[in-house]
Amino acid sequence: MATGIHAEGTLVERVMGDVRRRIASRALQPGAKLPSIRRLAESAAVSKSTVVDAYERLAADGAIVSRRGSGFFVAQQAAPLSLADVTPRLDRAIDPLWVSRQSLESGDHVLKPGCGWLPPHWLPEEEVRRALRGLSRADDGALADYGTPLGLPPLRQLLSRRLGEKGVPAGADQIMLTESGTQAIDLLCRLLIEPGDTVLVDDPCYFNFHALLRAHRATIVSVPMTPDGPDLAVFAAVLEACRPRLYITNSAVHNPTGATLSLPTAHRVLKLAEAHDLVIIEDDIFADFEEEPAPRLAALDGLDRVIQIGSFSKTLSAAVRCGYIAIRRDWLDRLIDLTIATSFGAGRLSSELVLRVVQDGSYRRHLHALRTRLATARRDVADRLGEIGIRPWIQPRAGMFLWCTLPDGRDAADLARDALARDVVLAPGNVFSLSQSAGGYMRVNVTQCADPVAFEVMSRALR
């Protein structure tokens, strides 16, 4: 049982709230015995009568049951999983789920330098419309049938060729299509970890990794990110001390920092992973932003203990949900079973649409123009931010993000709260930091900064 009691409400309400959170997060399973009245009173620093009152109220609500002579137990029917209860209590300005909601639910009048996607006019809208028109004339199977568990064969063959260009040896029979990159990680967590297993992430890292891993009730540990990849000394120490089962990372165009994995760091990461039996998920959804491919763990490892995932949400359309998993063959059967059990396979309509766009030469032309446009935007936005005292941590080689440092002593959560009141959504650094050590940082999406009002609001908040 937790030794600390949250500070809201009366003492009885605080004890009740702590027990409810433990039940909702599955730290206390249905049927589990609760601490004795004396033990909980001591650990929570409250009186025994306070615990008695709390337990009686919880029993009256049906959350727990009393068994004469045995004590109190969690009721057999579990409450629905609550991520709000699993996640540490955070200020709303740095709560990852809250920031995502603000970005997704806000109207068009709200500026979103803190969001993680391109504006619609940066995407190949005409190519998607043309593919939709062609798809409307497709055979009945493409429009109405379930897809195969692995997904559309021609798209998997195309992905195999594209991965081969980056040195990743993935045959079409090693690739499974998914609804998105997020679903790909969710499936792999179901395949590879159990509740309570330790999973390693970068610090900072994509904030939805935190939420997704908590949904799987994993124990999360982190390693500091450097411009060349994870801090190797800390990486080795964490592997030795915590024995994580899994490591989730972006090798190239790291989110949120824009860092690129160096070749020496990549080799050392793989040697350490082999020594500690660590499986790596390499999230490569930003691959198409690169002009020249950076080192890939999956390429160096040959898809042995590294699994690579990707999607088309960032460069084609977030509305067309299509991703993939490239994985070793002997793990694929179990992954297929999980896919059938949880989603019955990838969406065929989305796969057909992606295939029509990506196999068209216009998509490659779109990517070339997009990379040039992003390079210009990164430079221009960095200059504009510098004028108000906000400076990039590094100059990324590719992508849409700048990981920025604020002037000394300024807290990004304060900046985000002030900006939100003026209809500007920002992404403060601690949204991405498991250790909550990035209070002086902020991720800026350069493609969402066309309106000068965004800079005016940030400048005013800093003043």
Side-chain angles (χ1 to χ4, degrees), residues 104 108 115-166 168 170-184 187 253 283-291 293 308-326 339 343-374 398-400 445 447-448:
L104 290 166
D108 292 339
C115 81
W117 54 85
L118 299 174
H121 62 278
W122 283 63
L123 294 167
E125 294 177 295
E126 184 50 45
E127 288 85 344
V128 172
R129 294 180 193 279
R130 184 165 60 246
L132 282 168
R133 290 193 293 269
L135 193 55
S136 69
R137 299 186 292 271
D139 62 66
D140 293 344
L143 297 176
D145 275 349
Y146 287 110
T148 63
L150 280 179
L152 190 68
L155 181 55
R156 290 189 288 110
Q157 290 162 4
L158 185 147
L159 284 168
S160 175
R161 292 194 297 273
R162 284 165 53 90
L163 289 172
E165 292 171 1
K166 297 178 175 65
V168 180
D173 61 341
Q174 290 179 264
I175 297 172
M176 169 183 280
L177 301 183
T178 63
E179 299 290 345
S180 64
T182 300
Q183 192 213 16
L187 279 170
V253 198
D283 183 355
D284 205 26
I285 64 170
F286 300 109
D288 282 346
F289 287 143
E290 286 186 295
E291 194 71 52
Q308 191 176 96
I309 70 165
S311 86
F312 295 91
S313 299
K314 305 303 180 184
T315 54
L316 193 153
S317 170
V320 180
R321 309 302 288 158
C322 184
Y324 69 85
I325 299 171
T339 301
S343 66
F344 221 67
R348 181 170 177 183
L349 198 61
S350 294
S351 300
E352 293 274 7
L353 181 61
V354 167
L355 177 63
R356 288 170 182 266
V357 175
V358 177
Q359 69 183 1
D360 188 339
S362 62
Y363 182 68
R364 286 188 179 272
R365 291 192 295 274
H366 157 70
L367 291 180
H368 178 73
L370 177 61
R371 293 164 189 150
T372 301
R373 191 175 183 183
L374 282 168
M400 66 178 111
N445 182 340
T447 70
Q448 299 281 354

To the nearest 0.5 Å, tell me how far [X] [atom1] sits from [Y] [atom2].
| X | Y | atom1 | atom2 | result |
| --- | --- | --- | --- | --- |
| Met400 | Leu370 | CE | CG | 8.5 Å |
| Ile325 | Ser311 | CD1 | OG | 12.0 Å |
| Leu187 | Thr182 | CG | OG1 | 11.0 Å |
| Glu291 | Leu374 | CD | CG | 11.0 Å |
| Asp145 | Arg348 | CG | CZ | 6.0 Å |
| Phe312 | Ser351 | CZ | OG | 9.0 Å |

Legend entry - Residues Ile309, Thr178; criterion side chain to side chain contact (heavy atoms under 4.5 Å, CB included); working and verdict: CA-CA 9 Å; Ile309 70 165; Thr178 63; over 6 Å; no
Inset, instruction - Look at the side chain of Arg321 and the backbone N and O of Ser180, then say whether any donor-acceptor pair between them is shorter than 3.5 Å. - result: no
Inset, instruction - Look at the side chain of Lys314 and the backbone N and O of Ala287, then say whether any donor-acceptor pair between them is shorter than 3.5 Å. - result: no
Can we say [X] and [Y] salt-bridge, meaning some charged N sits less than 4.0 Å from an Asp/Glu carboxylate O?
| X | Y | value |
| --- | --- | --- |
| Lys166 | Asp284 | no |
| Arg162 | Asp288 | yes |
| Glu126 | Arg133 | yes |

Can you check whether [X] reaches [Y] side chain to side chain, under 4.5 Å on heavy atoms?
| X | Y | value |
| --- | --- | --- |
| Val253 | Ile285 | no |
| His366 | Val357 | no |
| Arg156 | Gln174 | no |
| Leu155 | Cys322 | yes |
| Leu123 | Val128 | no |
| Gln448 | Trp117 | yes |
| Leu150 | Ile175 | no |
| Thr339 | Pro149 | no |

Inset, instruction - Over 60° means perpendicular and under 30° means parallel, so classify the ring planes of Phe286 and Phe289, tilted if in between. - result: parallel
Legend entry - Which residues share a side chain to side chain contact (heavy atoms under 4.5 Å, CB included) with Asp173, sequence neighbours left out: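 For Asp173, the residues satisfying side chain to side chain contact (heavy atoms under 4.5 Å, CB included) (neighbours in sequence not counted) are Arg329.
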If you take all heavy atoms of [X] and [Y], which pair is closest and at what distance?
| X | Y | value |
| --- | --- | --- |
| Arg356 | Asp360 | O-CB, 3.6 Å |
| Leu353 | Ala131 | CD1-CB, 3.3 Å |
| Ala170 | Ser160 | O-OG, 2.6 Å |
| Gln157 | Ala172 | CG-CB, 3.9 Å |
| Glu179 | Gly347 | OE2-N, 3.0 Å |

Inset, instruction - Inspect the surroundings of CG in Asp139 and state if more than 12 heavy atoms from other residues, nucleotides or ligands are less than 6.0 Å away. - result: yes
Inset, instruction - Verify the neighbour count for atom CZ of Arg364: are there more than 12 heavy atoms of other residues, nucleotides or ligands below 6.0 Å? - result: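 Result for CZ/Arg364: open.
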Inset, instruction - Would you mind listing every ring pair (Phe, Tyr, Trp, His ring centres under 6.0 Å) that reaches into residues 120-157, with sequence neighbours excluded? - result: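 Ring pair (Phe, Tyr, Trp, His ring centres under 6.0 Å) check on residues 120-157 returns Tyr146-Phe344.
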Inset, instruction - Before giving the answer on side chain to side chain contact (heavy atoms under 4.5 Å, CB included), spell out for Leu143 and Leu349 the whole-Å C-alpha distance, their side-chain angles and the decisive distance to 0.1 Å. - result: CA-CA 6 Å; Leu143 297 176; Leu349 198 61; 3.8 Å; yes
